[in-house]
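Take a look at the structure below.
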Amino acid sequence: MLTVQNLAAGYGQSQVLFDVSLELGSGEVLALLGRNGMGKTTTIASITGMLPAWNGVLTMDGRSIANMPSFQVGKLGLGLVPEGRQIFPTLTVEENLVATATRRGSANPRWTLRQVWDLFPRLRERRRQSGGVLSGGEQQMLAIGRALMTNPRLLILDEATEGLAPAIRAEIWAVLAALKNEGQTILVIDKHLSAVLRLADRIVVLEKGRSVWTGTSEALASAQDIRDKYLGV
């Protein structure tokens, strides 16, 4: 579904990505890992069209999306749960969800308000409240629900469990596992390695803007040297 080859990008005259490559198949969960500042979010920004690619290949279903405007990338079926949630604080929970909703050509879309309420009952209870008064965990649920309301073919989550209480974090991981079981294609960035290894099929590790290791979750779980070298604090 998604192919990234030899991606280079940056901000202004500062290059952040030098050689990033990854492939993500339909129904697969891929995790993008690395220490802070290694280029994970910049990679997502280039994939989603929010940051121009300086060089390299970016394709979705074989179609080039390199430097395609982000709204057009979204129309191809990419849904983003951005770092920092970025919900609309003055809109109600329901308005946040409806604002992004699309059927994507289907008369019976998988994700509607009812399905999001079923996935996150807490949001149903707070449907009339402004997004800005929700707790951090509730805002993260709303950010995920908002992305799902676009009925994405590819769901990207950038640090979706960062700063959350352990109980809420576990709830988010359970939701992602359920989405995976339904065949949702997912690209995830997260610092909680044990949870990532349970969820992801494959891993790509970044170091200073380069892909330095690619393999299965099982292989990374067994590779203590790789975890120490590229992921240890």
Side-chain angles (χ1 to χ4, degrees), residues 9 11 16-17 20 22 24 29-48 50-51 70 78-89 91 93 96-97 100 116 119-120 122-123 126 129-150 152 154-180 184-209 211 213 217 220-221 227-228 230-233:
Y11 303 91
V16 177
L17 304 181
V20 173
L22 60 87
L24 177 59
V29 177
L30 179 71
L32 192 60
L33 302 183
R35 297 187 182 92
N36 289 341
M38 294 298 106
K40 302 184 298 297
T41 295
T42 302
T43 300
I44 297 305
S46 293
I47 291 172
T48 56
M50 293 185 287
L51 182 69
S70 55
L78 191 152
L80 175 65
V81 181
E83 185 177 20
R85 299 149 196 161
Q86 299 183 29
I87 63 165
F88 303 116
L91 298 185
V93 167
N96 265 274
L97 296 172
T100 64
V116 172
L119 189 66
F120 295 117
R122 203 171 314 192
L123 295 183
R126 290 158 174 72
Q129 294 184 357
S130 297
V133 305
L134 301 181
S135 69
E138 290 164 349
Q139 287 188 5
Q140 191 62 70
M141 295 174 189
L142 180 56
I144 295 173
R146 182 180 61 182
L148 291 174
M149 286 291 286
T150 70
L154 168 58
L155 180 65
I156 299 179
L157 303 105
D158 191 355
E159 302 288 3
T161 68
E162 183 177 16
L164 300 183
I168 300 297
R169 196 161 61 233
E171 186 173 348
I172 297 295
W173 286 116
V175 165
L176 296 182
L179 294 176
K180 176 183 178 179
Q184 177 68 58
T185 309
I186 299 173
L187 174 59
V188 60
I189 295 173
D190 205 279
K191 295 182 178 67
H192 296 90
L193 183 59
S194 60
V196 167
L197 292 178
R198 288 193 297 270
L199 178 73
D201 299 300
R202 292 188 303 109
I203 309 288
V204 173
V205 177
L206 298 189
E207 173 76 6
K208 297 181 180 179
S211 304
W213 189 90
S217 293
L220 184 59
R227 300 200 307 276
D228 290 344
Y230 297 118
L231 304 176
V233 178

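All residue numbers refer to positions in the sequence shown, counting from 1. Side chains included, hydrogens not; waters and symmetry mates left out as well; all remaining heavy atoms used.
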Determine whether a donor-acceptor pair (N or O, by modelled atom type, separation under 3.5 Å) exists between the side chain of E162 and the backbone of E83.
no
Over all atoms of both residues, closest heavy-atom pair of L33 and D190:
CD2-O, 3.4 Å
Whether the side chain of R169 engages the backbone of L164 through a donor-acceptor N/O pair (distance < 3.5 Å, no angle test) should be reported.
yes
Where is the tightest heavy-atom contact between G39 and V16, given as atom of each residue plus distance?
CA-CG1, 4.1 Å
Over all atoms of both residues, closest heavy-atom pair of Y230 and V205
CB-CG1, 3.6 Å
Within a strict 4.5 Å, meaning less than it, do heavy atoms of the V196 and I203 side chains meet?
yes
Cationic tip of R126 above F120 ring, under 6.0 Å, 45° of axis
no
Are the charged groups of E171 and R122 less than 4.0 angstrom apart, N to O?
yes
Between L176 and I186, which heavy-atom pair has the shortest distance, and what is it?
O-CD1, 4.0 Å
Write down the atom of R35, the atom of K40, and the distance for their closest heavy-atom approach.
O-NZ, 3.0 Å
N36 versus K191: any side-chain heavy-atom pair under 4.5 Å?
yes
Considering non-hydrogen atoms only, spot the tightest contact between P152 and L78 and give its length.
CB-C, 4.3 Å
Is a side-chain N or O of S217 found less than 3.5 angstrom from the main chain of A200, in a donor-acceptor match?
yes
Flag side-chain contact, heavy atom, 4.5 Å: I156 against V81
no
So that I can tick it off, tell me whether K180 and D201 are bridged by a salt bridge, with the cut-off set at under 4.0 angstrom between side-chain N and carboxylate O.
yes
